[in-house]
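The structure appears right after this line, and notes come after that.
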Amino acid sequence: MKRLTGLSKLALVTLGVVALLVATVSLFGNNIRKLFGAQAEALVGSEYSGNGGALASRQFQRKSLKTFGDNSADGDSYAAPAPAAAPAPRSVAARKQVAQLAERAEPVTTGNTHAEERPNPFTLTSEDRFSTFAVDVDTASYTLFRRYVTEGGLPPDDSIRVEEWVNYFRYRYPSPEEGDFRVDLEGAPSPFTPGRHLVKVGLQGRAIAKSQRKPTHLVFLVDTSGSMSAPDKLPLAQKAMKLMVDGLNETDTVALVTYAGSVRDVLPPTHAIERSEIFAAIDALTSGGGTAMGDGLELAYRHAAKKANPQSVSRVVVLTDGDTNLGRNLTADAMLASVQGYVQEGVTLSTIGLGMGNYRDDLMERLANKGNGNCFYIDSEREARRVFQERLAGTLEVIAQDVKVQVEFDPATVRGYRLLGYENRAITDRDFRNDKVDAGEIGAGHTVTALYEVELAGEGANVATVRVRAKRPGGVEAAEQRFSLARTQLHGSLREASANLRFAAAVAGTADILRGAPQAGDWSLATAEALAEGAVDDLSDRAEFLSLLRQVRERRATSVAGGPY
């Protein structure tokens with residue numbers, strides 16, 4: 001009985017302790033939960049270092065800028081997991097902090113990401129006779145295609161931007177006799193669609209000798225995060241920078257900024273003649289850590305803006321795989337907003353993409369568009385030499401900015417038309433003469449080519465009127481030029497057309513087929529190959545395209561036969 005009595009007393013004591021604990025939690029539980037991080041305020045309480053610092057918790061160092069496009073391609077994108085439910089914070093400030101944290105905590109990139117664009121539709125001139133777009137001299141999409149094919153694959157549909165394929169190649173257009181550029185118009189029957197014609201609009205920018213270039217101030221912004229350790233990333237970036245420095249004039253300057261887990265000033269503005277000092281700084285770069293791209297971009301622009309003036313070139317050159325996971329400006333809009341003021345001061349931008357596996361093609365292309373610059377992808381030292389040596393003047397110096405093209409088709413001659421590519425460079429017709437609307441840039445010696453598929457109707461004498469509107473670098477008001485394409489200027493057969501038109505048609509047709517454009521559903525790669533074969537014109541880059549096209553045809557044939565593709 002004594003033993004039972006003792007157990008009863010113990011049970012009563014235990015029950016009393018439990019009751020006391022329950023009461024304590026009821027009275028002070030909210031503070032206890034705050035202390036141990038159970039509430040949303042505890043998540044917000046992890047301070048974020050504004051100058052490239054990391055979140056205290058590793059789980060929030062996620063890579064992505066999903067607002068840069070719809071990343072839904074199979075195998076080359078990611079899907080955001082559903083967010084876990086969390087108790088709602090009680091204060092407005094806390095809710096705002098949680099929202100900001102959620103924006104940063106985007107999922108890790110698991111593949112190359114691209115921004116899909118819907119191909120331009122065939123438009124009836126009776127409904128809209130105007131087609132307006134900004135010029136584009138980017139070439140990254142074509143170089144990516146070459147890498148995919150060289151490595152035994154085929155490019156994802158949404159990585160293909162027709163205009164970047166066409167403008168990768170040089171065309172032998174007449175040089176401008178006066179002014180900054182000359183327009184070359186031509187038309188011939190389409191090899192792809194019976195009863196239709198192809199119309200080519202070509203622009204040739206004036207060339208500038210090395211001795212005539214404006215003083216150049218470069219700021220290299222180099223991604224040195226852990227994802228850049230592969231041989232085709234940071235080591236290739238180092239080679240590319242040296243090639244660019246070799247092409248500079250002695251009075252040009254170079255600065256070097258890096259970003260990884262933090263942002264670092266590596267080299268202050270140094271005259272290009274001091275090559276040994278610049279090369280030593282480049283050679284000393286190593287990779288490791290997170291990716292504070294937004295913070296690095298802002299610092300590089302600040303440096304470049306100090307040298308910006310109409311009499312010189314001030315350009316930021318970003319070399320990266322495009323990933324970003326740290327810093328204040330993680331979203332696309334935040335990153336662009338942080339540098340917009342510097343862009344307006346005249347700082348231009350080149351985005352240089354490197355590597356595969358987590359390459360942010362969507363990010364690089366959009367940054368270049370908004371940064372008044374150009375977007376390249378470097379897949380080899382040979383491509384680095386092409387961009388940074390052979391075409392250095394065009395890469396560096398802009399000769400015309402906010403360049404817009406408007407093609408007005410005559411309804412008496414043209415029933416309808418379709419522009420091949422330039423989907424993400426479209427401008428509303430009413431903004432053609434609005435000089436506040438941003439457009440594209442043409443570098444020294446650059447060529448720009450656009451192709452239209454048109455269907456003729458009636459007996460009108462004029463096919464189209466082409467208007468080109470552009471500003472001088474740093475200018476506010478644009479000048480406009482006007483050109484006409486008469487029906488009598490159309491070739492009677494494709495054989496009579498120039499090699500420029502035939503080769504551009506082969507490239508644009510291939511791109512349209514591979515990206516699955518509905519209007520190219522019955523087009524043939526065999527036709528494109530025959531066109532390219534007859535228009536190589538002793539140019540090595542055209543011969544390479546022909547070789548790649550033949551590989552693509554073989555793989556697609558294997559796919560139809562039930563092979564691996």
Side-chain angles (χ1 to χ4, degrees), residues 137 180 205-223 236-258 264-285 296-297 299-320 339 342-343 345-352 367-368 371-376 378 381 383-401 441-446 472-475:
V137 295
D180 291 322
R206 63 180 171 86
I208 295 178
K210 183 178 179 181
S211 60
Q212 296 174 317
R213 291 204 312 252
K214 295 178 181 178
T216 297
H217 308 291
L218 292 182
V219 180
F220 287 124
L221 175 61
V222 187
D223 181 352
L236 185 54
Q238 290 169 308
K239 293 177 183 177
M241 286 187 284
K242 289 181 178 180
L243 288 169
M244 196 169 195
V245 172
D246 279 336
L248 296 177
N249 290 322
E250 294 180 351
T251 55
D252 297 338
T253 64
V254 175
L256 179 58
V257 176
T258 64
R264 188 164 68 98
D265 270 313
V266 175
L267 182 74
T270 304
H271 283 104
I273 196 173
E274 304 292 340
R275 277 173 172 70
S276 58
E277 183 178 350
I278 296 172
F279 284 5
I282 292 172
D283 288 335
L285 300 180
L297 193 66
L299 178 59
Y301 265 95
R302 283 207 304 269
H303 286 326
K306 296 174 184 176
K307 301 279 189 179
N309 65 76
Q311 286 72 47
S312 66
V313 173
S314 189
R315 179 173 289 262
V316 174
V317 181
V318 183
L319 299 103
T320 177
V339 300
Y342 304 120
V343 173
E345 290 179 26
V347 178
T348 54
L349 176 69
S350 290
T351 58
I352 312 299
L367 275 178
N372 287 348
N374 36 43
C375 176
F376 302 105
I378 304 296
E381 186 173 346
E383 183 66 17
R385 194 173 301 279
R386 175 183 177 275
V387 171
F388 291 136
Q389 281 193 339
E390 297 171 13
R391 304 192 178 186
L392 181 62
T395 301
L396 289 179
E397 187 157 345
V398 172
I399 60 171
Q401 70 180 52
E441 283 66 44
I442 294 181
H446 274 160
R472 285 292 181 92

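On a predicted model such as this, the values are computed, not experimentally measured, just so you know. Heavy atoms only: backbone and side chains are in, while hydrogens, waters and symmetry mates are out.
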Is there a donor-acceptor contact under 3.5 Å from the side chain of E397 to the main chain of K214?
yes

For N374 and H446, which I'm curious about, is there any donor-acceptor pair between the side chains at under 3.5 Å?
no

Within-4.5 Å side-chain heavy-atom neighbours: E250 and H271:
no

Here the pair of heavy atoms bringing H303 nearest to V257 is CD2-CG2, 3.7 Å

Under the side-chain contact (heavy atoms from CB on, under 4.5 Å) rule, what do V343 and Y301 come out as? Steps first, then yes or no, please.
CA-CA 8 Å; V343 173; Y301 265 95; 4.0 Å; yes

Could you check whether any side-chain heavy atom of V398 comes within less than 4.5 Å of a side-chain heavy atom of R315, counting everything from C-beta outward?
yes

Smallest heavy-atom separation, A272 atom then V245 atom, equals O-CG1, 4.4 Å

For residues L396 and M244, determine if any side-chain heavy atom of one lies less than 4.5 Å from a side-chain heavy atom of the other.
yes

Please check if any side-chain donor atom of S314 sits under 3.5 Å from a side-chain acceptor atom of H217, or the reverse.
no

For side-chain contact (heavy atoms from CB on, under 4.5 Å), just list the numbers for V222 and I282, CA-CA rounded to whole Å, side-chain angles, deciding distance to a tenth of an Å, and then say yes or no.
CA-CA 10 Å; V222 187; I282 292 172; over 6 Å; no

Can you tell me how far apart CG (L319) and OG (S350) are? Round to the nearest 0.5 Å.
9.0 Å

Please examine the side chains of L256 and M241, heavy atoms only from C-beta on, and report whether any two atoms are closer than 4.5 Å.
yes

If you look at every heavy atom in Q311 and P215, which pair is closest and at what distance?
O-CD, 3.4 Å

How long is the gap from OG1 on T395 to CZ on F376, to the nearest 0.5 Å?
4.0 Å

Would you say that N249 contacts T216 through its side chain, given a criterion of any heavy-atom pair below 4.5 Å between the two side chains?
no

If you round to the nearest 0.5 Å, how far is CG of L349 from CD of E441?
10.5 Å

Work out which heavy atom in Q401 is nearest to a heavy atom in G475; give both atom names and the distance.
NE2-O, 4.0 Å

Do other residues, nucleotides or ligands put more than 12 heavy atoms under 6.0 Å from R472 CZ?
no

With salt bridge (Lys or Arg N to Asp or Glu O under 4.0 Å) as the test, pick out the partner of D283 among K239, R275, K242.
K242

Is there a side-chain contact between V387 and I378 (heavy atoms, below 4.5 Å)?
yes

Rounded to the nearest 0.5 Å, what's the gap from OG1 on T348 to CG on L218? Could you check?
9.0 Å

Please report the closest heavy-atom contact between L248 and L392, naming both atoms and the distance.
N-CD2, 4.2 Å

Donor-acceptor pair, side chain of T270 and main chain of I278, under 3.5 angstrom:
no

Below 4.5 Å, heavy atoms only, C-beta onward: do E274 and L267 meet side chain to side chain?
no

For the atom pair CD1 (I352) and OG1 (T320), what is the distance rounded to the nearest 0.5 Å?
11.0 Å

For G247 versus R213, what's the shortest heavy-atom pair and its separation?
O-NH2, 3.0 Å

Quick check: do D180 and I442 have side-chain heavy atoms less than 4.5 Å from each other?
no

F388 side, atom CZ; D246 side, atom CG - distance, nearest 0.5 Å
12.5 Å

